[in-house]
Amino acid sequence: MSTAESRMNTVGLVLVSHSRALAMATETLIRQVTGSNVRMAIAAGAGDEGADLGTDALQILAAIESLDDPMGTLVLMDMGSALLSTETALGLLSEPVRARVLMSSGPFVEGAMAAALAASGGASLTDVRQEAENGLRMKQQQLAPDNATAKENPQIPADSPEHQLSLYLADPAGLHLRPAAALAKLALARSTPSFIAAAKHPDNRVSASSLTAILGLDLRQGDEIYLQTSGPDADAFLDRAAACLQEDQHPPAKMPVPVENEATKHPQGAAPGFAQGPLIIHDELLTTVPRSYCDDCAEALHTFLEAVAEVRRQLSDHPILEAQNVLLSDPALLKKTTTLIQNEHLDAASAWAQSISQAASQIDALSDPILRARSADLRDLGNRVLQALGVTADLQPWQGPPAILLVNELLPSVALRFDPEQVLGVIDRHGSANSHAAILLRGSGIPYVINADPVIFANTQYVAMDGKTGELWPDPDARILETLHDREQMHQDQNSAGSYGQITLSDGSTLELWANVASTAEAAAARRLGATGIGLLRTEFFFLDQQTLPDEESQCQFLRQVMAPMQGLPIVVRALDAGADKPLTFMALGAEANPALGRRGLRALLAYPDIFALQLRAMLRAGRDHDLRIMLPMVTNPEELRSARMILEQAHQQLEAAGLAHRWPVPLGIMAEVPAVALCMKQFNGLSDFVSIGSNDLTQYTLASDRSNALLQTLGNAAHPAVLELCRKMVQDSHAPVSICGEAAGDPQIAPLLVDCGIRRLSMAPLRLSNVYKRVSGT
Ligand code: PEP
Ligand code: MG
C-alpha cells in the first residue's frame, strides 16, 4: 500500500485516489521531475490489493502513519468520497500525528506535482499546501493569456458562481430511492459540493451526496426542485443529475403533470385465512443494541470501518442492493457514526445503531408512504453492518398486542418466529407465494398477502384481509366485518380435527396425504388432521438465525420436539437445504451470481462434510424410536447420493463407536427438484430408497422462472404441462416410491393432476389437508 521513502526533512505527501493506477502513475511522473527525495505514500483503490475503484480510510491511515515526521504530511485527494475517507482516517489518528497533517483542496495531479516541487525544496507544510492549491495557476494563465482577472484569480475560486437548474418532479411516486441514489452517487464522485432543495422549502437545501438527506426532503410529484453546484463541470453535472432524477419518470415536465393513481400493484393471497386487527408497520426492525462505550476510540473506528468495508463487499455482489451501497457511502450517516464514537465514546455498534435509527425515524416521519417505506432499507442496511460487527440479530418479531403486520419482503428467519396468537396476518409490500416465508406462514395458519401497495395504507389504523384472495380492506366498515366473520369461521373449520390421511381412489389404489412441517405446532396439527406421516420435515429454518453451527445435542433436541407428536408414524427428515434464499452465516458459500443455481442443498452439504455428518448423527439419534427416513435436497447426480450415503454410514459408525442410541438402518431418499434427475430417474434405481418431488424448485428450474420473483408467479406454475410430464415420467421410471412435497401437492386445483400422473403420496402444509382431501375424494 505504501511506497514511503525513508528520507527525512521534507513534507510527506499522501496520494489518495480512487484508482491505484492513477496514483502510481502520478507518483512516477513526480519522481521523474523531482527525483527521489520527496517522501510519498499511496493510498489508492479498494478491495484486494486495491484492484477495485474506491478509497479506503484504513489504507489512508496507514499511509499517513508511514510518513509521520515533524515536517508534517499533506494529503492530496482526487474525487468526492476520497475526502470523506480521508476525514475518517484523520479521525483515527492519534492527536499528535493528526496535528501534523493537512488536507489539500488542490487538483490531484497538478497539485501533487506542485506540492512535491515545493517539498523537495524544503518548504514548510503550509507553504507546500499553498503550492498545491495553486497547482492549476500555470495552466490557467496559459489558457487565458488575455484575461487579466484570470491571472489574478484562478478560474475555479472557492467562491465560484453557483449554477442552478430547476425541474419538476413528474414521477407519481415522488423522488424515490433509485433516482435519489443515482444522484447521490454522481455527487459523491465530485470534489465540488452540490446541493438539492425543494422550491416549497428553499432554505432547506441539503447536500446532494447524502442519500438520507435527499430522501428527507420528502419530494413529491409536482414539486419543483433546485439543483445547485459550482465548478467548471457544473453544467455537465447538473444535466446528468437532472437525467438521474428523471430516469424513471415520464418525459421532463415544465409543469406538474396530473398522473393517474399509481396503484398498479395487485395484492395476491399467499397463505389462506382471514384476519382483522390493528395494522402495525413492521419493517425490518433494527437489531437492538444495548448502549455501550469504548475504551479506545481509534480501535472502535477501525472496527466500524472494517465492518462497513465488509458489507460494501457483500453488497457489491448484488446489483439489486445498489441503493443500499449508496446509503453506505452516505457522508451524513458515516460522519454521524464517527462523531458519536469520537465525541461520545460510543462503541462501533452503538454508534452505528443510533445513527441508523435516527435517520430511519426521520424518514418514518415523512408524509409520503412510498418514501416512508425506504426506512426499511435503512434498517436492513443497519442490520447488515451490525451483523458484520458481530451483533446477533434480534429476532423477536412482534411483541405488542395481536396485530396484522405490514412488512417489506418477509424473511423466513423472521416468519419462523411469528406466533399465530400474536401475528394475526401479514401483508407484504413485496414477497412471493413460493418463498420460504410464505411456506412457513401457510404452515402456521397465518394469512399472508403479498405485493400490496403501501399507498393504500396511508393513515390506516385497522385492516381486514383475506389471505386466499389477496383482498384487503383498510378500515373496514361493519358490513365487511360481518362478511369476514363468516369466512373466518370457514377457515377455523379447516383446522379442526379430522381424518384426512387416506383416500381410496376409484381405481382401488390408495392416495396418502402426508404433512410438511417445520415446527412442533405444525406436527401437532398434522396429527390432529390425521396425516399419514411427515413427508417433509424442513430442518433449515432451525438454523436460519444461528450465527454458529448448533451442536449435535441441540439439533437432536430440536428434531425430537418436532417429531414427538407424530410418534409411531413415518417421518421424513430432510437434510439441511441451505444456500440460495436460505443462506447460513456459518456455511460461507461465497458470493454467487446465481445462488439458485449454485452451491445449495446437497451440493453445499458435500462442500461441508463435517456439518453434514453432524446433522446426520443428530437425526439418527433423534429418530432412535421413530420411523425415521432421511431425504437429500437438490440432488443432481447419482454420484452425490453415493457420497451422501458414505457419510451417513460413517455417522452411524461414529455413533456406534460412541455407544449412542440411534436409528439404524434408515432409508435414504432423494428430492427430485432438478430436471436432470427427472429425466435420468432410472440412474437412481437401486440407489435411492424413495423419491420426493420438490415441485417448487422443479418448477422454477423447468420453467426458468425464479420462484421468489413476485412478477413471475403466473409463469412459475407447477401445473405447466412440462412439469406434469416430468412427474409422470418419474413415476414410470422409478423403482422406488415417488411422492411429492412441493406446494403443488397442497393446491386443491393441482393435486388431482398429480394424482393423474400416478403419484399416490402427496405431502402438504397441515392446514391444506382437509381441502385437498375434500377435493380429491369429492366429499
Ligand atoms: C420444493 O422445492 O418443492 C421443496 C419442497 O423444497 P423447498 O421449497 O424447501 O425448496
Ligand atoms: Mg426445494
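Atoms within each ligand, like the ligands themselves, are counted from 1 in listed order. Position 1 is the first residue of the sequence; numbering continues from there.
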Colleague: Any chance the side chains of D697 and Q700 put a donor and an acceptor closer than 3.5 Å?
Modeller: yes

Colleague: Tell me, please, which residues at least two apart from Q268 pass side-chain hydrogen bond (donor to acceptor under 3.5 Å, both in side chains).
Modeller: none

Colleague: Test of understanding: with side-chain hydrogen bond (donor to acceptor under 3.5 Å, both in side chains), list the residues that count as partners of Q557, not counting sequence neighbours.
Modeller: E553

Colleague: Look at the rings of H662 and H652 and say which category their plane angle falls in: under 30° parallel, 30 to 60° tilted, over 60° perpendicular.
Modeller: tilted

Colleague: For residues Q567 and R527, is any side-chain donor paired with an opposing acceptor at under 3.5 Å?
Modeller: no

Colleague: Taking all non-hydrogen atoms of both residues into account, name the closest pair between V572 and G535 and its distance.
Modeller: CB-O, 3.5 Å

Colleague: Verify whether one side chain among S739 and R760 offers a donor that lies under 3.5 Å from an acceptor in the other.
Modeller: no

Colleague: Keeping to distances under 2.8 Å, can you name the protein N/O/S atoms close to the Mg ion (ligand 2)?
Modeller: E673 OE2, D697 OD2

Colleague: Given a heavy-atom cut-off of 4.0 Å, could you list the residues near ligand 1 in chain and number order?
Modeller: H436, I439, L536, R538, R574, D577, K582, R600, M671, E673, G694, S695, N696, D697, R707, C741, G742

Colleague: Quick check: closest heavy atoms across D733 and K682, and the distance to 0.1 Å?
Modeller: OD1-CE, 3.6 Å

Colleague: Please tell me whether T539 and Q615 have a donor and an acceptor in their side chains that are separated by less than 3.5 angstrom.
Modeller: yes

